[in-house]
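Worksheet: one structure, shown below.
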Amino acid sequence: GQGVDEPLSATGFRQADAAGLFLSNVKFTHVFSSDLLRAKQTAAAILGKNRFCKDLEIKYDARLRERKYGVAEGRPLADLKAMAKDAGEQCPSFTPSGGETLDEVRERARDFFKFLCQLAVELEQKEHGKPGAPGRSSGTSGEQFVFPWTNHCSEAEPSSEGGSSMVLDANILVVSHGAYMRNWIGYFVSDLNCTLPADLTKSQLSSVSPNTGVSHFIIKLGNGNLSNPEITCVCLNQDSHL
């Protein structure tokens, strides 16, 4: 939850370093993190291993915080399950006293995603507004966006067109928390019709990401249309680096 702002454990730091090595060849344009300490430390560890953006500023945003669990925070998961059972409800839909509902978490995710889309559109407009600016896919080195899972998810990757390497307007790393991200992905799927990998099961879709699990989405905003983004999930909760 939010109320117990603990640092990463020794295992957590090892996992964050492993994620950093896994993503070390990806050139990010922006990094956003939850402002809770464990997320801050994870984001810093990932950037610390990166070949291109060690000095990129990490921007902290409270909208990326874990779901608030009220009276259940700081207590074992078994206690939360017992509270839900006593209330005649199931986890994770149960909301403890003082906690956030799933709808409230999803609203935070929706608001932050709209902010990211607006950021990408403004970047694209700024790029095209420069005198003599080249097109965004005009042969810039493909090294800029090297994704480590290309070999097994290549059908959804940005591809070279006309012999030139596709360059994204934004390549954004977001570091957040398990329950929050599950709600965000649910928003992508149910509200925005996100395209999922063909072999993804329902249980995988509804599961919480393991610590430092990596999910990769490609977002296309046709003609700067913020209301109807085209979203493709390349990988969900991948943990091969662990």
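Basis for what follows: all heavy atoms, side chains included, without hydrogens, waters or symmetry-related copies.
If you take CZ on R108 and CG on D61, they are separated by 9.5 Å, rounding to the nearest 0.5 Å. Considering CG of L173 and CG of L56, their distance stands at 9.0 Å, rounded to 0.5 Å. The structure places CG of L226 at 9.5 Å from NZ of K114, a figure rounded to the nearest 0.5 Å. Separation of atoms CE (M181) and CG (N237) is listed at 7.0 Å; rounding is to 0.5 Å. Here NZ of K220 is found 6.5 Å from OG1 of T232. Values are rounded to the nearest 0.5 Å. Atoms NZ and CG, on K49 and L23 in that order, are 12.5 Å from each other to the nearest 0.5 Å.
Considering all non-hydrogen atoms of both residues, A45 and D17 come closest at CB-OD1, 3.7 Å. For L47 against C53, the heavy-atom pair with the smallest separation is CD2-O, 3.6 Å. Minimum interatomic distance between I219 and P229 (heavy atoms only, all atoms of both residues): CG2-CB, 4.1 Å. Here the closest non-hydrogen pair linking I172 and F28 is C-CD2, 4.2 Å. When all heavy atoms of F52 and N50 are compared, the pair lying nearest together is N-OD1, 2.8 Å. Between V175 and A39 the shortest heavy-atom distance is CG1-O, 3.6 Å.
Residues satisfying the ring pair (Phe, Tyr, Trp, His ring centres under 6.0 Å) criterion with F13, sequence neighbours excluded, are absent altogether. Not counting sequence neighbours, the partners of S190 by the side-chain contact (heavy atoms from CB on, under 4.5 Å) test are R106. By the side chain to side chain donor-acceptor pair (under 3.5 Å) test, Q118 pairs with E122, sequence neighbours left out. For F188, the ring pair (Phe, Tyr, Trp, His ring centres under 6.0 Å) criterion is met by F113, W184, F217, not counting sequence neighbours. Partners of N193 according to the side chain to side chain donor-acceptor pair (under 3.5 Å) rule, which considers only residues two or more places apart in sequence or in another chain, do not exist here. With sequence neighbours excluded, the residues forming a side-chain contact (heavy atoms from CB on, under 4.5 Å) with T101 are T95, D103, E104, listed by chain and number. Applying the side chain to side chain donor-acceptor pair (under 3.5 Å) rule to D191 yields the partners R110; only residues at least two apart in sequence or on another chain are considered. Shown here are the side-chain contact (heavy atoms from CB on, under 4.5 Å) partners of D35, two or more places apart in sequence or in another chain: K40, Y60, A62, R65. For A19, the side-chain contact (heavy atoms from CB on, under 4.5 Å) test picks out I46, T212, H241, with sequence neighbours left out.
Transitive grouping of hydrophobic side chains (ILVMFWY, heavy atoms separated by less than 4.5 Å) brings L205 and L192 into a common cluster. Linking ILVMFWY side-chain heavy atoms closer than 4.5 Å, directly or via other members, places V208 and L200 in two distinct hydrophobic clusters. Hydrophobic clustering places F32 together with V121 (ILVMFWY residues linked when any side-chain heavy atoms are closer than 4.5 Å, directly or through intermediates). The cluster map of Ile, Leu, Val, Met, Phe, Trp and Tyr, joined by side-chain heavy atoms under 4.5 Å apart, puts F94 and L77 in the same cluster.
Few gaps surround NZ on K54; more than 12 heavy atoms of other groups in view lie less than 6.0 Å from it. No more than 12 heavy atoms of other residues, nucleotides or ligands lie within 6.0 Å of CG in D55, so this atom counts as exposed by the packing criterion.
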* To do: Tell me, with the steps shown, if V174 and L116 meet side chain to side chain contact (heavy atoms under 4.5 Å, CB included).
  => CA-CA 10 Å; V174 177; L116 290 185; 4.1 Å; yes
* To do: Carefully, step by step, assess E66 and R38 under the rule salt bridge (Lys or Arg N to Asp or Glu O under 4.0 Å).
  => CA-CA 11 Å; E66 180 59 291; R38 57 194 185 273; 5.2 Å; no
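Not less than 6.0 angstrom separates the ring centroid of Y187 from the ring centroid of F112.
Side-chain contact between L236 and P197 is absent, with no heavy-atom pair separated by less than 4.5 Å. By the 4.5 Å heavy-atom criterion applied to side chains, L64 and S33 are not counted as neighbours. Put simply, the side chain of E124 does not reach to within 4.5 Å of the side chain of L221, judged on heavy atoms. Considering only heavy atoms from C-beta on, L123 comes within 4.5 Å of H30 through its side chain.
For R67 and Y69, the positive end sits near the middle of the six-membered ring, less than 6.0 Å away and at most 45° from its axis.
Between the E73 side chain and the G3 main chain, a donor and an acceptor come within less than 3.5 Å of each other. Between the R182 side chain and the S207 main chain, no donor and acceptor come within less than 3.5 Å of each other. In this structure, Q238 contributes its side chain and V214 its backbone to no donor-acceptor pair below 3.5 Å.
Counted by atom type alone, S93 and Q90 present zero donor-acceptor pairs between their side chains at under 3.5 Å.
Applying the salt bridge (charged side-chain N to carboxylate O under 4.0 Å, His left out) rule to pairs touching residues 79-95 yields R75-D79, sequence neighbours excluded. Sorted by first and then second residue, the ring-ring contact (aromatic ring centres under 6.0 Å, His included) pairs with a member in residues 220-239 form an empty list; sequence neighbours excluded.
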Check: residues 5-12 side-chain donor-acceptor pairs under 3.5 Å, at least two apart:
from, atom 1, to, atom 2, distance (Å)
D5, OD1, L37, N, 2.7
S9, OG, T11, N, 3.4
S9, OG, G12, N, 3.1
T11, OG1, R14, NH2, 3.1

